[in-house]
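For reference, the structure is listed below as structure tokens.
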Amino acid sequence: MTLEFLEKIDTEKIFTKKDKHKADILSSNDKTSVVEDKDNNSESSNDVLIQIFDISKVDRPHIVDLCSTKKSVLPKALENVPLISPSINYLSFFIQVLQHLILTIIFDWTAIITHPVNFLLTFVFFPTSAIILFFLEIILRFISFLNLDSNNETVLQSWSKLIPLTELLANLRSGMESLDQHPTSDIHKGFNLDRTQFLLFLSTIMYERNEKQVIKAYRMISKMKKDINNKSDEDLQNVYKILKESEKNIRDQIKDFDLQFTSLSELNTLGGPYVGMFWSEERNFITIACKGTTPTNFSEWLTNASFQRTDARAFLFGEVHQGFYSQLFPINDYESAKLDRNCPATRIIKAVNQKSEEIRNKNMEKNNIKLKDTPLVNIYVTGHSLGGALANLLYGRLLKYPRCLGEHCILRDGTTFASPSIGDSDFAAEFSSLCNRSIEEYKTLWRIVCDSDIVPRVPIGHNNPKLRRYTQKIHIMNYFHVGDEIRFYQDGTKPSSMRDIFSDNKELLFLEHGLGWNEWKSLFGLYDPLDDKKHHIKSSFDPRYNTSLIPIERLLLPFIRNHMTHRYLAALEKSRKFFNNNIVVKGGDNIV
């Protein structure tokens with residue numbers, strides 16, 4: 001056991017000190033004795049040092065994050081008791097709702113006179129959501145008990161029922177190759193269908209991690225904190241092994257693409273959303289992926305339903321959905337100072353910095369060129385559902401402070417699927433301003449929507465940019481989307497977008513002013529800007545695209561069924577004929 005381990009259970013400092021100690025050992029030309037000690041099962045400190053060095057640097061941030069994850073409110077003995085865990089979570093949510101209603105009355109008791117509509121909506125939405133979630137808890141436990149949500153196939157095996165495997169792999173590899181290309185000033189990059197399908201694939205396999213093993217690793221770290229004097233570096237090594245085992249299903253599905261993966265942050269929760277990173281040693285990109293909502297995970301539904309907003313100006317801008325914001329950032333300035341701003345978002349960005357520097361240096365050595373002539377590493381952000389909301393927030397953070405990515409990488413596009421609204425009118429306006437900051441700095445957040453998917457319509461908000469000037473800050477429906485929406489359809493209709501995605505035109509298509517009659521529905525949260533923009537042009541498609549992949553799918557209504565990732569894949573593929581007449585430019589990128 002080493003002195004550094006006994007000082008403090010601060011994994012980040014342990015790794016730093018041990019790496020320095022390792023450098024001292026190697027510089028003394030005593031490598032042989034260290035190896036011999038390990039082979040002889042020696043108890044020397046050198047043996048311990050070799051064990052801890054087996055933990056790769058790229059995997060260490062996850063262990064640091066796990067040390068900072070909050071403890072569960074339930075004892076271990078009660079976590080697996082049916083209905084106990086979700087019931088406690090529901091009770092916590094109900095208390096938050098009650099506190100919000102009480103504080104609303106205390107701090108704005110005149111609201112019933114000055115803002116009667118907002119007051120009424122507040123006292124209708126919050127209690128109604130609490131009641132709905134109570135019944136949702138029962139339904140989710142029933143679905144999980146009957147195993148109606150299970151699919152034991154890999155993502156590729158499942159998706160190959162929709163698209164022939166050879167064709168599917170070709171599309172995904174084409175999309176992966178497009179992530180490699182360097183930004184150029186002579187031409188703007190447009191929407192790429194293959195790239196979108198590949199990022200959907202990465203967002204989907206994020207659901208494949210074994211969360212029970214992650215929780216097991218967390219409990220081991222918790223025990224290490226309580227009894228440091230009786231623990232050794234070998235215990236930390238065991239934690240690392242369990243965490244890598246939890247990711248086995250993900251790594252098995254990406255090995256044919258020569259990709260690697262590691263988890264980065266648990267986002268202050270266990271068994272819920274998390275953030276991971278995909279990269280390749282042979283390519284020049286990193287993709288930050290956020291895991292979305294597991295259909296039968298009640299805690300994640302609670303996060304989605306916590307639709308009160310919080311002040312996000314400490315790290316972003318405007319006001320943001322509190323449930324999403326608290327996953328990535330401290331919820332108030334006191335916590336920000338207390339944590340020294342080392343929140344999940346900060347740890348994620350730091351890990352990306354470290355990996356991008358490593359990739360760029362390898363590219364420099366491989367091509368035998370100077371560092372200044374070596375291309376920057378491309379950074380992409382993606383996620384589905386709740387993961388899409390978190391990806392939007394993370395993308396906003398990188399837009400606001402691009403320098404936090406460091407000197408070895410460059411932020412490229414974000415692509416999110418089924419993302420709900422995340423912020424108010426101020427947040428949406430500032431987000432748009434940063435995306436359009438420079439015509440030479442072409443960054444786009446593509447927000448993909450599958451037909452009638454209900455999730456992009458929640459939290460219930462106006463979602464119409466024309467209403468921003470009229471929306472008051474405190475209004476409960478002050479929610480607006482960010483990014484460029486593209487809606488794909490299940491009936492083969494030509495995709496709809498606020499931008500002309502079939503050319504390289506950055507201008508918006510819809511320039512009319514004033515509210516149309518149908519747009520008045522946006523006052524009640526029932527409108528989306530693309531509702532009236534659906535094309536009448538349709539293309540034929542293979543009937544297999546409509547194949548159901550899980551038992552419960554046939555029982556679901558279309559606006560729920562269309563939220564599934566394979567339904568997104570089918571809608572994307574049904575639109576492929578509209579992108580066949582694309583323009584091929586240097587580098588092999590497709591501008592469509």
Side-chain angles (χ1 to χ4, degrees), residues 12 16 57-58 60-61 64-65 179-185 188-189 264-265 267 275 277-279 284-290 311-318 320 325 327-330 333 335-337 339-364 370-383 390-416 422-423 426-445 482-483:
E12 191 169 23
T16 302
K57 279 189 176 182
V58 74
R60 298 175 191 178
V64 175
D65 182 86
L179 298 177
D180 250 349
Q181 294 157 0
H182 316 312
T184 56
S185 58
H188 289 153
K189 303 298 180 183
L264 294 179
S265 175
L267 303 179
V275 174
M277 176 173 67
F278 295 90
W279 77 94
N284 194 52
F285 70 85
I286 293 174
T287 298
I288 305 171
C290 306
D311 188 348
R313 289 175 295 176
F315 289 87
L316 293 167
F317 25 82
V320 169
Y325 184 83
Q327 302 281 319
L328 287 167
F329 307 102
D333 292 337
E335 289 186 3
S336 177
L339 296 176
D340 195 25
R341 301 191 181 186
N342 196 22
C343 56
T346 303
R347 290 193 287 268
I348 292 167
I349 295 172
K350 186 176 180 180
V352 172
N353 279 341
Q354 184 180 18
K355 191 61 192 178
S356 63
E357 179 179 5
E358 181 182 328
I359 292 175
R360 194 178 183 211
N361 286 332
K362 283 186 178 180
N363 290 337
M364 177 187 66
K370 296 180 180 179
L371 183 62
K372 65 178 182 179
D373 298 323
T374 306
L376 299 177
V377 179
N378 297 325
I379 305 298
Y380 296 89
V381 182
T382 191
L390 298 173
N392 288 344
L393 288 179
L394 193 56
Y395 196 78
R397 173 66 177 175
L398 297 176
L399 283 175
K400 184 176 182 180
Y401 298 108
R403 291 185 179 180
C404 68
L405 277 174
E407 61 179 348
H408 298 286
C409 53
I410 181 173
L411 180 64
R412 300 295 301 276
D413 289 353
T415 304
T416 61
I422 58 174
D426 290 342
F427 176 85
E430 182 68 16
F431 194 101
S432 298
S433 175
L434 292 174
C435 285
N436 299 316
R437 181 166 43 192
S438 170
I439 196 167
E440 297 300 332
E441 197 174 311
Y442 199 73
K443 296 180 178 67
T444 303
L445 176 66
V482 295

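Counting from 1, the numbers follow the sequence of the chain as shown.
A salt bridge does not link E357 with R360: every distance from a Lys NZ or Arg NE/NH1/NH2 to an Asp or Glu carboxylate oxygen is 4.0 Å or more.
Taking NE2 from H408 and CD from E358, the interatomic distance works out to 11.5 Å, rounded to the nearest 0.5 Å. Rounded to the nearest 0.5 angstrom, I359 CD1 and N378 CG are separated by 10.0 Å. Taking CG of L399 as the start and CZ of F317 as the end, the distance is 6.5 Å to the nearest 0.5 Å. Distance CG/L434 to OH/Y401: 10.0 Å, rounded to 0.5 Å. How far CG of L179 is from OH of Y380: 5.0 Å, rounded to the nearest 0.5 Å. Annotation: the span from C435 atom SG to Y395 atom OH amounts to 6.0 Å, rounded to 0.5 Å.
A 4.5 Å side-chain heavy-atom check between S356 and W279 finds every atom pair outside the cut-off. For the pair L405/I410, no side-chain contact is recorded, criterion being any heavy-atom separation below 4.5 Å from C-beta on. A 4.5 Å side-chain heavy-atom check between K350 and Q354 finds every atom pair outside the cut-off. Taking the side chain as every heavy atom from C-beta outward, R397 and I349 approach each other to under 4.5 Å. When side chains are defined from C-beta on, V58 counts as touching M277, because their heavy atoms get closer than 4.5 Å. Looking at S432 and V482, their side chains never come closer than 4.5 Å, going by heavy atoms from C-beta outward. Counting only heavy atoms from C-beta outward, the side chains of L445 and T416 approach each other to under 4.5 Å. Residues F329 and L316 meet the side-chain proximity criterion, which asks for heavy atoms closer than 4.5 Å.
Between the side chain of D413 and the main chain of K443, no donor-acceptor pair closer than 3.5 Å is present. Formation of a donor-acceptor pair under 3.5 Å by the N392 side chain with backbone atoms of I422 is not found in this model.
Checked by atom type, the side-chain pair N284/N363 shows a donor-acceptor distance below 3.5 Å.
Of all heavy-atom pairs spanning P330 and Y325, the tightest one is O-CE2, 3.2 Å. Looking at every heavy atom in both residues, A345 comes nearest to L394 through CB-CD1, 4.3 Å. The two residues V320 and A312 have their closest heavy-atom pair at CG2-CB, 3.6 Å. Between N353 and G406, the shortest heavy-atom contact is OD1-N, 3.5 Å.
No option in C290, C343, S265, P61 other than S265 meets the side chain to side chain contact (heavy atoms under 4.5 Å, CB included) test with I348.
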Please report the C-alpha distance between K355 and I286 in whole Å, then the side-chain angles of each, then the deciding distance to 0.1 Å, and finally whether the side-chain contact (heavy atoms from CB on, under 4.5 Å) criterion is met. CA-CA 8 Å; K355 191 61 192 178; I286 293 174; 3.9 Å; yes
Verify side-chain contact (heavy atoms from CB on, under 4.5 Å) between L264 and D65, making sure each step is shown before the conclusion. CA-CA 7 Å; L264 294 179; D65 182 86; over 6 Å; no
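Residues passing the side-chain hydrogen bond (donor to acceptor under 3.5 Å, both in side chains) test with N361: none are found, sequence neighbours excluded.
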